[in-house]
Q: 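Pasting a structure here, questions to come.
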Amino acid sequence: MSQRTEQAAGLIRDAVQAVIAKGLHDPRVRGLITATRVTLSDDLRQATVFVSVLPDDKRELTMHGLRAASKHIRHEISGKLALRSIPELSFKPDIAAARQAQVLDALADVARERETTDESPGTTWGTPEEREP
């Protein structure tokens, strides 16, 4: 991506996030919604907005609501951006955030397991010679 495209993508992401944060009147759009990144076509006519939705059980319904509101969101951001033309918006779920949450949960589980094994009586962590009876 060129520098101009990256700059426009950042502006679009910020503007879309502001519209979502202000709130949409669609009851399907629920939960903590974050526009994580935007990819633009080379001609700046198509923008794909990747969105993270928490909790996960609201993701599908929220994505339907955002797709239905894409023209409204495009109209709202047109007044905030100094672009010649505002690209068509499409929304996709960003599953990278969900993967990060899974990794963090797994790390927390490992930390809890280590705490329980460290606290159990009779556990020694010496050299093999020290551990032998």
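Atoms considered below: every heavy atom in the structure, side chains included; atoms not considered: hydrogens, waters and symmetry mates.
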Q: What verdict does the side-chain contact (heavy atoms from CB on, under 4.5 Å) test give for D56 and V53, after you've listed the backbone C-alpha separation in whole Å, the side-chain angles of each residue and the deciding distance to 0.1 Å?
A: CA-CA 6 Å; D56 289 335; V53 179; over 6 Å; no
Q: Restricting to pairs with a member in residues 10-22, which pass side-chain hydrogen bond (donor to acceptor under 3.5 Å, both in side chains), not counting sequence neighbours?
A: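 Matches after skipping sequence neighbours: K22-E76.
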Q: How about D42: does its CG atom have over 12 heavy atoms from other parts shown lying under 6.0 Å from it?
A: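 Incorrect, the count does not exceed 12.
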Q: How far apart are the closest heavy atoms of V16 and I77, and which atoms are they?
A: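 Scanning both residues completely, I find the closest heavy atoms to be N-CG2, 3.9 Å.
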Q: Does the distance from a Lys or Arg side-chain N to an Asp or Glu carboxylate O, for E88 and R74, drop under 4.0 Å?
A: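 Yes, charged N to carboxylate O under 4.0 Å.
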Q: Give a yes or no on whether the backbone of S90 and the side-chain of T48 come within a donor-acceptor separation of less than 3.5 Å.
A: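 Flag not set: sc T48 to bb S90 has no pair under 3.5 Å.
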Q: Testing the basics here: between S41 and T5, what is the closest heavy-atom pair and its distance to 0.1 Å?
A: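 For S41 versus T5, the nearest heavy atoms are O-CG2, 4.4 Å.
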Q: Give the C-alpha distance, both sets of side-chain angles, the deciding distance and a yes or no for side-chain contact (heavy atoms from CB on, under 4.5 Å) between D94 and V51.
A: CA-CA 5 Å; D94 187 5; V51 179; 5.9 Å; no
Q: Please evaluate residues F50 and T39 with respect to the criterion side-chain contact (heavy atoms from CB on, under 4.5 Å), reporting the C-alpha separation (whole Å), side-chain torsions for both, the decisive distance (0.1 Å), and the verdict.
A: CA-CA 8 Å; F50 290 90; T39 58; 3.9 Å; yes
Q: Could you tell me whether the side chain of S70 and the main chain of R67 form a donor-acceptor pair under 3.5 Å?
A: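 Yes; at least one donor-acceptor contact below 3.5 Å.
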Q: Around Q7, counting heavy atoms of other residues, nucleotides and ligands shown, do more than 12 lie under 6.0 Å from its CD?
A: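 No, the 6.0 Å shell around CD holds no more than 12 heavy atoms from other groups.
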Q: Show your reasoning for whether side-chain contact (heavy atoms from CB on, under 4.5 Å) applies to L66 and I20.
A: CA-CA 9 Å; L66 288 174; I20 292 172; 4.1 Å; yes
Q: Looking at S52 and T34, would you say the former's side chain and the latter's main chain have a donor-acceptor pair under 3.5 Å?
A: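 It does not hold such a pair.
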